[in-house]
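Because the structure is a prediction, the values reported are computed rather than measured. Only this structure's heavy atoms are used, side chains among them; waters, hydrogens and symmetry mates stay out. First the proteins, then the strands, lettered A, B, ... as listed; each starts at 1.
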Amino acid sequence: MFGLIDGNSFYCECERAFDPKLRGKPLVVLSNNDGCAISRTREAKDLGVRMGDPYHLVAKRPELKPVIWKSSNYALYGDMSRRMYEVLCEMVPQVEPYSIDEMFLDLRGMPWDLVKLATEIRAAVRQIAKIPTCVGIGPTKTLAKLANKVAKGERHGSGICDFSTPEARSAKFPQIPLGDVWGMGGASVEKLAKGGIRSVADFVALPLDEVRKTLTVTGLRTHAELRGLSCYPFSLNAPTRQTIACTRSFGRMITEWEEMRQAVVTYVSRAAEKLRRHGLRASAMQVFMHTNLFNKDPRYSNQVTVAIEPASDTFALIGAATRAAQSMWRKGYRYQKAGIVLIDLYQPQDMPVQDMFASRDPVKSKAIMAALDAVNARFGRGTLQAGIIGKTATWGMRRANLSPCYTTRLDDLLQVNSGPLRSTDEPHLIP
DNA sequence: TCTGGGGTCCTAGGACCC
DNA sequence: TCTGGGGTCCTAGGACCC
C-alpha cells in the first residue's frame, strides 16, 4: 500500500511558519522574477487569485488589496522540505520524495490501521516541521495521488482519504473529474471528453484497446493503476539526472552583449555547480536566448546545441557556452530571457571515451572546482565567480518581497528573547 | 515596466544499416 | 506488372508533472 503526503499551500506555509503575522491572512507566493502566483493560501484562493495569475495584472484588482505577496525563497522551501522528509522517515519504513512538497510513503506491511497512522503522521509533520498536509492512501501511486487530491478538496474534511478498498473507490469515482488524475492533462481530458468519457468511473470502464488507441502506453499505465494494478514501483534511490538546467528571465530587458555574456556565464556556472553536486559530467549543452514573447517588441529566438569534451569544470563549460551564445547574438533586440541546459550527462566511470587527451589537467581542475564550491558554499553563492569582473549585475531577477533565509543563513536566524517563556508557539521577534 | 523554472517520458519521422 | 523485412539511432515536438 502507498501513501502520498502533500503540503497544503506549501510555499505559503513555509513563509507562515516563521512569520506569525501571515497566519490567517490571504497570502500568495510568486514565481521567480515576481512573475506570477504559484502558491496560494485558502484565504487567497477564496478572494479569487488563480494559479499562474500574472502579478503585475492581478495586483491591481481592488478586491485583492488585502493579499500579501511574497517573492519565492527556494532556499527556505528546500530546507523545510528536508525537515518534512526527516519527520516522515521516523514514522514509516521508506519515504520516496516526489517533489519539493510531496512524498510517497511505503506502507507495505504496516500492521495497524492506516488511517490512524496517517492521522499521527499529519500531526507530527504539523508540529515538528510546521507544515499542514493531506494524506492519500491507495494500492498504487496513482490511487494514492488521487486519494490525496480528494482529501485536499474536502473543505472541512479530515485531511485523509483512503482508497485502499475497491468499495471506497467505486463509491467516489463517478464524481471525480478525469482531470484530477495524475497523468491526465488537458489534451487527454479533451480527447476523452469527445467520446463522452468524463469521470474517473467512465475511464476505468473503458476497454483497453480504446485507451491504447487514444492515449498510447502512458494512458494504459494510468488505466491499470486506477484499477489497482501497480505500474510505478516504490523506488528508494533517485534516478540519475538526464538534464541540468539554469534558465532565467532578466529583471529588465537587456540589449548589450556584455550583459548577455555575464548572464550566460552566471547560468552555466550555476549549472556546473549542480552538475558537480550530482557527481556528473556533461558532454553536450543547449544555449538559448529570446526576446519578450508577450509584447509587441521585434521577436528573436534562437537556440544552439553543442557537443563538448565531457566536463564538469566551470571554465570549460563557460567557454563552450559563451561561444554558443556569441554565435546567435544579434544586436538590436531587447532580450528577455536566456538559459543553458546541460545534456548527455554521465557518471565519470560510465563515460564512453576516457579523456586521454583532455585539454585540462583533470587533477588540477578537480582541485580548483572543489575550492570554488567550498568558498561559495561557505560565503554565499557568487562569492567566487568565474569569468566576471567587477560589480554586481543589474539585470538579475526581481525579488521585491523576499523573506529571510530563516533556516539556511546564520545572519537570518530568528532571535528569541531570553527570560520567561510565554505560552505560545510563536517565535518572539526582536525588532 | 512587469507573464517562472526545472524536470520526465513518449512518439513520429528521417537517416542509416544489413 | 512487379520493388522486402527488420532493425537502430537521433531529433524535434508534444504532453505531462510540480
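- Between W182(A) and Y98(A), the distance separating the two ring centers is shorter than 6.0 angstrom.
- Counting only N and O atoms by type, the side chains of T394(A) and R252(A) include a donor and acceptor under 3.5 Å apart.
- Distances shorter than 4.0 Å separate some side-chain N or O of Q336(A) from OP1 or OP2 on dT3(B).
- For the residue pair T240(A)/Q347(A), the side-chain donor-acceptor check at 3.5 Å is not satisfied.
- Side-chain nitrogen and oxygen atoms of K191(A) include none within less than 4.0 Å of the OP1 or OP2 phosphate oxygen of dA15(C).
- In this structure, V181(A) reaches the sugar-phosphate backbone alone: every heavy-atom distance under 4.0 Å involves primed, P, OP1 or OP2 atoms, never a base.
- Among all heavy-atom pairs drawn from L226(A) and F173(A), the shortest one is O-CE2, 3.9 Å.
- Residue T243(A) has no polar side-chain atom (N or O) positioned under 4.0 Å from OP1 or OP2 of dG6(B).
- Taken together, the paired segments of DNA chain C that extend over three or more consecutive Watson-Crick or G-U pairs, each closer than 3.5 Å at both contacts, are B:5-18 with C:5-18.
- One side chain, E15(A) or S403(A), offers a donor N or O that lies under 3.5 Å from an acceptor on the other.
- Atom-to-atom, CD1 of I343(A) to C1' of dG6(B) comes out at 15 Å; the value is rounded to the nearest Å.
- Residue G186(A) is in sugar-phosphate contact alone, with no base atom involved, counting any heavy-atom pair closer than 4.0 Å across all strands shown.
- Rounded to whole Å, the P atom of dC18(C) lies 25 Å from the corresponding atom of dT3(B).
- In this structure, of dG6(B), dC2(B), dC16(C), it is dG6(B) that holds the atom nearest to the side chain of R248(A).
- Side-chain nitrogen and oxygen atoms of S249(A) include at least one within less than 4.0 Å of the OP1 or OP2 phosphate oxygen of dG5(B).
- For R241(A) and dG7(B), the CZ to P distance is 4 Å, given to the nearest whole Å.
- Of the N and O atoms on the side chains of D313(A) and S365(A), at least one donor lies less than 3.5 Å from an acceptor on the other residue.
- Although no hydrogens or angles enter the test, the distance criterion places no donor-acceptor pair under 3.5 Å between the side chain of E225(A) and the main chain of T140(A).
- Side chain of Y74(A), nearest nucleotide from dC17(C), dG6(B), dG4(B): dG4(B).
- Within the 4.0 angstrom heavy-atom criterion, no nucleotide atom of any strand lies near S72(A).
- For the pair F288(A) CZ and dA12(C) P, the computed distance is 15 Å after rounding to whole Å.
- Here the side chain of Y98(A) is nearest to one of dC18(C), dC9(B), dT3(B), namely dC18(C).
- Out of dG6(B), dC16(C), dT11(B), the shortest distance to the side chain of K274(A) is found at dG6(B).
- Of the listed nucleotides (dC10(B), dG7(B), dC16(C)), dC10(B) has the atom at the smallest distance from the side chain of V217(A).
- Between T218(A) and dC9(B), a side-chain N or O to OP1/OP2 separation shorter than 4.0 Å is absent.
- Taking only side-chain nitrogens and oxygens, K337(A) comes nearer than 4.0 Å to OP1 or OP2 of dG5(B).
- The main-chain N or O of L30(A) is found under 3.5 Å from a side-chain atom of S72(A) such that the two form a donor-acceptor pair.
- Within 4.0 Å (heavy atoms only), D101(A) reaches sugar-phosphate atoms of the nucleic acid but no base atom.
- Side-chain atoms of T41(A) come within 3.5 Å of backbone N or O of L27(A) as a donor-acceptor pair.
- Across the protein-nucleic acid pair, F10(A) atom CZ and dC17(C) atom P stand 20 Å apart, rounded to whole Å.
- Each of A245(A) and R398(A) has a nearest nucleotide on DNA chain B; the 5'-most of these lies closest to R398(A).
- With dC18(C), dC2(B), dG4(B) as the choices, the nucleotide that has an atom nearest any side-chain atom of W182(A) turns out to be dC18(C).
- At the heavy-atom level, M253(A) lies under 4.0 Å from the strands shown only through sugar-phosphate atoms.
- For R276(A) against L372(A), the heavy-atom pair with the smallest separation is NH2-CD2, 3.9 Å.
- With distances taken from any side-chain atom of F294(A) to the nucleotides dA15(C), dG4(B), dC2(B), the minimum falls on dG4(B).
- At the heavy-atom level, L30(A) lies nowhere under 4.0 Å from the strands shown.
- Counting to the nearest Å, the P atom of dG7(B) and the CD atom of Q286(A) are 12 Å from each other.
- Checking dC18(C), dG5(B), dT3(B) against the side-chain heavy atoms of S99(A) singles out dC18(C) as nearest.
- With rounding to whole Å, Y77(A) atom OH is found 14 Å from dG5(B) atom C1'.
- The nearest whole Å value for the distance from the NZ atom in K70(A) to the P atom in dG4(B) is 21 Å.
- Nearer the 5' end of DNA chain B, as judged by each residue's closest nucleotide, is the contact made by C36(A), out of T216(A) and C36(A).
- Within the 4.0 Å cut-off from OP1 or OP2 of dC9(B), not a single side-chain nitrogen or oxygen of R221(A) is found.
- In this structure, the NE2 atom of H290(A) is 12 Å from the C1' atom of dT3(B), given to the nearest Å.
- Across all strands, Y55(A) comes closer than 4.0 Å to no nucleic acid atom at all (heavy-atom distances).
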